[in-house]
Every structure is written in C-alpha cells, then in structure tokens.
2 protein chains.
Amino acid sequence: MTTSKQGRQPGSGRGQRVTIADIARRAGVTPAAVSLAVNGRPGVSDATRERIMTIAEELRWEPSPSARALAGAPVLTVGMVLARPAEVLGTEAFFGAFVAGLQEVLSRRDYSLQMKIVESTDAEIDTFRRWFAQRRVDGVVVVDLRQDDPRIPALEDLRLPALVVGGPGHHGALPAVYVDDAHATRLLVDHLAEQGHRRLARVAGDGELLHTLQRDRAFEERCAELGLAGVSQVAGFGTRGAEIAAAELLARPEPPTAIIFDSDEMALAGAHVLEQSGSRIPQDVAVASFEDSALTRTHRPPITAIGRSAIEYGRVAATRLLEVIETAGTRPSTPEAAAEEARAIEPVLVVRESTRADAVRPPASGDAPAAAG
Amino acid sequence: MTTSKQGRQPGSGRGQRVTIADIARRAGVTPAAVSLAVNGRPGVSDATRERIMTIAEELRWEPSPSARALAGAPVLTVGMVLARPAEVLGTEAFFGAFVAGLQEVLSRRDYSLQMKIVESTDAEIDTFRRWFAQRRVDGVVVVDLRQDDPRIPALEDLRLPALVVGGPGHHGALPAVYVDDAHATRLLVDHLAEQGHRRLARVAGDGELLHTLQRDRAFEERCAELGLAGVSQVAGFGTRGAEIAAAELLARPEPPTAIIFDSDEMALAGAHVLEQSGSRIPQDVAVASFEDSALTRTHRPPITAIGRSAIEYGRVAATRLLEVIETAGTRPSTPEAAAEEARAIEPVLVVRESTRADAVRPPASGDAPAAAG
DNA sequence: CTGAAAGCGCTTACAG
DNA sequence: CTGAAAGCGCTTACAG
C-alpha cells in the first residue's frame, strides 16, 4: 500500500518504467547530469558519474530508443529493401547467409536491421524516402545493383547514408563494397584452360544485374587473351532457361567442352540435361558455377564453384555501413571520397570433380579417391 | 531569402521536416486536431478531416515513429532472437525462407522485424527483458522450442506479447503455431509401410528440440501399430553424425530397408554413405527426409520428404503474432484462452524416387520415366 | 563542473 | 465538435 517503499516501485515512467528522472532523484542531480553521465560525455565529475552509473544499474535502467531518437540521437537502425518476392528470397541460399552476416555485426554494435519487401524499384525508392522522412533508419544498404540503377541518384538526392553492395563502379557518389566478378571470371576461365579446354561456354542469368555484365565482359576478354573460343548464352532467371541453354550448346556443330553457369541452381539444372543426353561430367563436358552452396557440394559429381562467403559479405557490408553512418556529416565529403569503394571479400576458386580432367568417377560413389586417367 | 514562401520551405521541424504543426498552421487548426484526423479518430468534422488530409498529402507529411512511440503508440516492430551462430543460420535453408515469409506479412502491415543474434538462451532472455524495458518491440516470436524451455516462463513473467513457433504443447500460457510433427511422422511411416517395408529406421538430429522428441514418440507408436520393426538412432547436429548412424544401421544383422532422416542435409550425407557401401537407393534401401529443400529435389535419386513451406510458416506466424499484439490487454485473458494454439500449415508428403518400390533408375539419368520393376 | 529550461513530434485526457 | 495543455523520456544548448 505504501508507495514510498524503495524497491517496491520500479520507476515513475509509463507502466512504471525506470527513467533518468528516477535516477536523478536518487542521485540528487538533474536529469541532464544523468544523461551526460550515462552517455560518457564530459560535464559531470568522476565521482558523480560513478554514483549515477551505479544507481542506473541498480534500477536496471534502459534508455528509451524513442526518446533518444526524438531528441536527435541516432535511431540505431539500418534498413534494407528487397524488390523481390518472398518466394524468390526464400529459396535463395545467398539471402539468408547475407542477412545472418549483417545481423551478426549489427547486433554486436546494438544496431538493428529493418527489412522490407516491396514489389518494384519505384516502391523501393519510395520506401527510402519515407524512411528518411520518418527518421526511421540511420542508413541503408542497397543490394541487387543494376546498370543505370535509378536508386543511386535517388539516394544521392536524399542524403541518407547508404552503402551499395555491388561494383566496382556504377554506384555514383555512394560508397560501395563488392566482390570482384571480373576476377572470379578469370579464375574460372584460367582453371578450365589449364585443364585443357579450348571451347568454353557461359550461361548467364539475369542480364540486368551489374555483375552479369561484368562477368560477360571479363569472360570474353579472358577467352580472347588465352586464344580460347568462348560463347555466351543468356538464359534469364530460373532453371528452365539454363536447361534450354545447355541443350542448345550441346547441339552446336562444335559443342563446348566446358560450361560455366551463373548460379548453383542453373548449374545443377544444366548438368542434368547434359547427363540425360549422355554426356559424362567431367569427361565429356566440364561444369562450373559462379555460386557455391550446399547444392554444388553435394551434387554428384561435386561442382567446381566460386566461393564467396555470403556471411562474410554481409559482415563486411555491415561494418562498412556503420563507418559511413558514423562519419556522415563529418566532412563536406567530396564525391570522390564519398564514393570510395572496397573489395568486400576475395573470390576463391573451389575446384571439385566436375572440372577435373583426371577425374574418374567410380559408379555409385562420390568421394572415393580417383585413379589418374 | 523570404521565409514565408509556401513550397520553398518543406517544414518547420528538425532538418526542415514536415510535422503536424505545419499541417495545423496551414489548415488553421490545432496539432491535436491533425492528430485525430490522420489517425481516423472521432473528434473532427468530416470537412475538417478532409482538408487536413489533403494538406498532409500535399506536404508529404510522414509521421515520426519515435514521437508516436514516445507518446504511447505501438512501435510497429516485432522482435526475434536467434541463439545460434550466423554460420549455422546462413547455411540453413529454413531460416531465410521463414524470415522472408515473416517479412512479407509484416511489411504489408507496416510492421518491421527486428532480429538479434546472441550466444546463449540466457542472453536471449536478457534481450527480451531489455527490449521490453526499452519498449523497442510490440511483441516477439520465439523459435527453436525445446522441452522445459526457460524462455516460456520468462516471457510469461514479462507480459510481453509473444508467439511461440512450435508445439503442440510445451508453450505454457503463450499462444503458439506449429506444424504437426507427429502427423508428418505418420505420413512417412505409412508411406514406407505401403511400399512394403517392414524394418524402418529413424536418424534423429538435435535431441533437445521439441519436435525431435515428438517425432521419436510418433515413430515408435506408429511402427508398433503397424507391426513394423522400428529403430531410432540419435545422430546429433551436422552431417557427420548422420553418416555414422547410416553406417551403423547398415552393419546390423538385420539392417533396415528404409531410413528416415531428420533433415535434408542429414539425408544426403546418409545417402552417400549408403551408396558408397554398395546399397542402391531405393532398391536396397529407401531414404526419406523430414525437411524438404532444393537439396532433396535435386539429389539423384530425388528424395522423398515432408514438405512444409517455411515461407508459409513465416507468414502464418507473423499473422498470428499481429493478432496477439492487437488483442493484448483487451481481455483479462484466461491462461486457457491465451495459450491457444493453431496448426500453422499441414505437412505434406512429397513422394520421390528414393522411396518408390517400383523405381528403376537408368544409369546416369534422373527424371526419365521408369519401367516397373 | 552543475542547474534549469526548451525542445524533439506526437497523443491523450480535459475543458469549453 | 474544437482548443489549449500536459506529458512521453531523452538531449542539447545556455546560464551560472
């Protein structure tokens, strides 16, 4: 019944929440002093600060994010918009891993990730505008970079801290992290050339994505440099296109002896077409993928792929975005400085049986040591 | 230079943000009237309301989530804590799909999802406490339900709206959605019995998870009912345990003719062991999985599995949680009513070649029509 | 180093 | 139906 009993009554705020006013009262100082103390800012003596901190802990005080944000502090939230249906995201291994990597870094720094699924790029830009107007996020991460991406100028106008995942180039005055797809392409082409292949093919996915174009260019260039015959086929999204592309390649008068697919799903779909038409992998035709995953690892034969840890990619992106947010407004930031870009992670070639010239696959077996051909 | 030019000056708030004060001034009413109007609450005439709404749109006003939250409105955020390392999350297909499903529903309702990765269950409970104290989320979704899960009583104490993903049962006074694992188990056992199998085995994953126990029990019961010999092996997390379990099962004097694995990764690992030791799938031993994914679909032979759309599961969970949040505090809510549970989605048996008694696998081919054995 | 005040943008009683 | 005010919990100048 008595309301003065200390410890009975958690705090004076809404729903008995503990506020800095409670701490101030106990410590015999003003709320402003508490604010300075708990934020580690100068303005209070060490003795006072320590007393305040002790009381704050005793009372299990937690700062109110809303109040802080309203008073002008960062909201400790970063945003990511995905203009792809949930169905596509859910089946893509990259998404979950990338998000997990982002989360790991953000959680540790007490930031949270806000995600939103929208229908179109326009809706995505609109979401950025609204988030900015609402002060809902401190910054955003932009994925699925395309050529002449309309999101870039929109974000430049907004002056909302943003990190582009993709590149190099094509990210305007925004900072970016990327995986070097041209380099990855060369790793694959060089490996296949070393295995003795002279006629290579590339089956490409979504032609609008920037990295698809970069792979196209690098593929042509490297084949030319090494004096190889290289053909490209655009298959579009999904596995159906990859199946058709594989069939068409096989039907050529001089079919390629090695095929590089843009994704793991495409590689598997293509491989099945090859096997059904009687081609053995890798003896008749080698198969490689730009995307590594459990699918490529567990397929028989296991498929050579570019390993670029999506988790690590997420971690690097989160780390870089936090840097961008924290230095935002610090300098006038010349476009050149702002547009700084960093390689996120090195692509690595993971060689597996699907491209080994010396591989002999024992029937009904996978990992058994292979005798040299 | 003139500051009175309408349209030149976006708003009067911090960083020229448009606030309800700007709208009020233009409409010749008080901010309170604007608040009532934009929130569709009674207290303003229809004419006034319409005028206010028009101005709000013209000015492209966006409500401030922080201000709303501080004034007591919901924060429009739900939380999810994951006590698993990013590495594990990233490689699990279920995670990305479940999150995509959650997001889809939440985004549409203007809610956002806050995620946090922590190290332990204690840290998870601590996060719930802090989120509650901070008023950071309106509710939480609890995944990876275990037996005697300490999170349940902790959340009951907190009175933070929470939805348990898992069950039936074991979720205390909290509402829950679940997939009926006992039913899924019966689907698998019945199917294998129909295919003529009399000696079944089950290779189980993490023994602490509630659904593992439920599968164990249902497996034993159903085998007994049908007069089948059923053995269970606990393999633990990861693929290594599944490989060992498969090898041990094969080495038995009377080895099983059909094996059910708890996950897709385990099924694949087990299948490879079987094939390496010379067993043909499905002729010598049938293989099935509790978890469907691209792995089971693309494996040769494709593996029979329980399909339970993780995306749909996420959608159902989000929908139910929003209901819980919206009705929170409405009634005194008897424990019985609160603890209501709902089946999230029906498990479906997806029969594939790995369990078809009549399947004859053509060499080096997958989907070709099979002649009856 | 400390205190008193204003303000962030909204909502919610409480009078008229 | 409308207006004026207080308050949510914090931060940030601004005086002493």
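Bear in mind the structure is a predicted one, so any value in this text is a computation, not a measurement. Reminder, nothing fancy here: chain letters follow the sequence lines and each chain counts from 1.
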Any ion pair linking [Y] and [X] (charged N to carboxylate O, less than 4.0 Å)?
X: A/Glu119; Y: A/Arg84; result: no
X: B/Glu326; Y: B/Arg109; result: yes
X: B/Asp110; Y: A/Lys116; result: yes

Interface residues of residues 42-50 of chain B with DNA chain D (non-hydrogen, below 4.0 angstrom) |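 Those residues are B/Gly43, B/Val44, B/Ser45, B/Thr48.
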Find the distance [X]:[atom1] to [N]:[atom2] and express it as a whole number of Å.
X: B/Leu70; N: C/dG7; atom1: CG; atom2: P; value: 17 Å
X: A/Ile20; N: D/dG9; atom1: CD1; atom2: P; value: 10 Å
X: B/Leu59; N: C/dG9; atom1: CG; atom2: C1'; value: 15 Å
X: A/Arg17; N: D/dC8; atom1: CZ; atom2: C1'; value: 11 Å
X: A/Arg25; N: D/dC10; atom1: CZ; atom2: C1'; value: 15 Å
X: B/Arg68; N: D/dC10; atom1: CZ; atom2: C1'; value: 20 Å
X: A/Arg136; N: C/dC8; atom1: CZ; atom2: P; value: 21 Å
X: A/Ile23; N: D/dG9; atom1: CD1; atom2: C1'; value: 11 Å

If you round to the nearest 0.5 Å, how far is [atom2] of [Y] from [atom1] of [X]?
X: A/Arg315; Y: A/Arg108; atom1: CZ; atom2: CZ; answer: 7.5 Å
X: A/Thr121; Y: A/Asp144; atom1: OG1; atom2: CG; answer: 9.0 Å
X: A/Asp22; Y: A/Ile55; atom1: CG; atom2: CD1; answer: 11.0 Å

When Watson-Crick pairs (N1 to N3 and N6-O4 or O6-N4) and G-U wobble pairs (N1-O2 and O6-N3) count only below 3.5 Å on both distances, what is the dot-bracket string of DNA chain C, with | for other-strand pairs?
-> |||.||||||||.|||
Taking atom CD of B/Glu58 as the centre, report whether more than 12 heavy atoms of other residues, nucleotides or ligands fall under 6.0 Å from it.
-> yes
Using the side chain to side chain contact (heavy atoms under 4.5 Å, CB included) rule, pick out the option among B/Arg135, B/Arg130, B/Arg136 that qualifies with A/Glu62.
->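 Only one option passes, and that is B/Arg130.
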What pairs of nitrogen or oxygen atoms, one from the protein and one from nucleotides 12-15 of chain C, lie under 3.5 Å apart?
{"unit_1": "C/dT12", "atom_1": "OP2", "unit_2": "B/Arg41", "atom_2": "NH1", "d": "2.6"}

How about A/Val143 and A/Val141: do any of their side-chain heavy atoms sit closer than 4.5 Å?
-> yes
Working for side-chain contact (heavy atoms from CB on, under 4.5 Å), residues B/Phe128 and B/Leu158 | CA-CA 8 Å; B/Phe128 290 143; B/Leu158 272 184; 3.9 Å; yes
Taking only the side-chain heavy atoms of B/Thr30 (C-beta and beyond), determine which of D/dG3, D/dT11, C/dG9 contains the nearest atom.
->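 Nucleotide nearest to B/Thr30's side chain: D/dG3.
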State which of D/dT11, C/dG3, C/dG9 makes the closest approach to the side chain of A/Asn39.
-> D/dT11
Tell me what B/Glu62 touches on the nucleic acid: a base, only sugar-phosphate, or nothing, going by heavy atoms under 4.0 Å.
-> sugar-phosphate
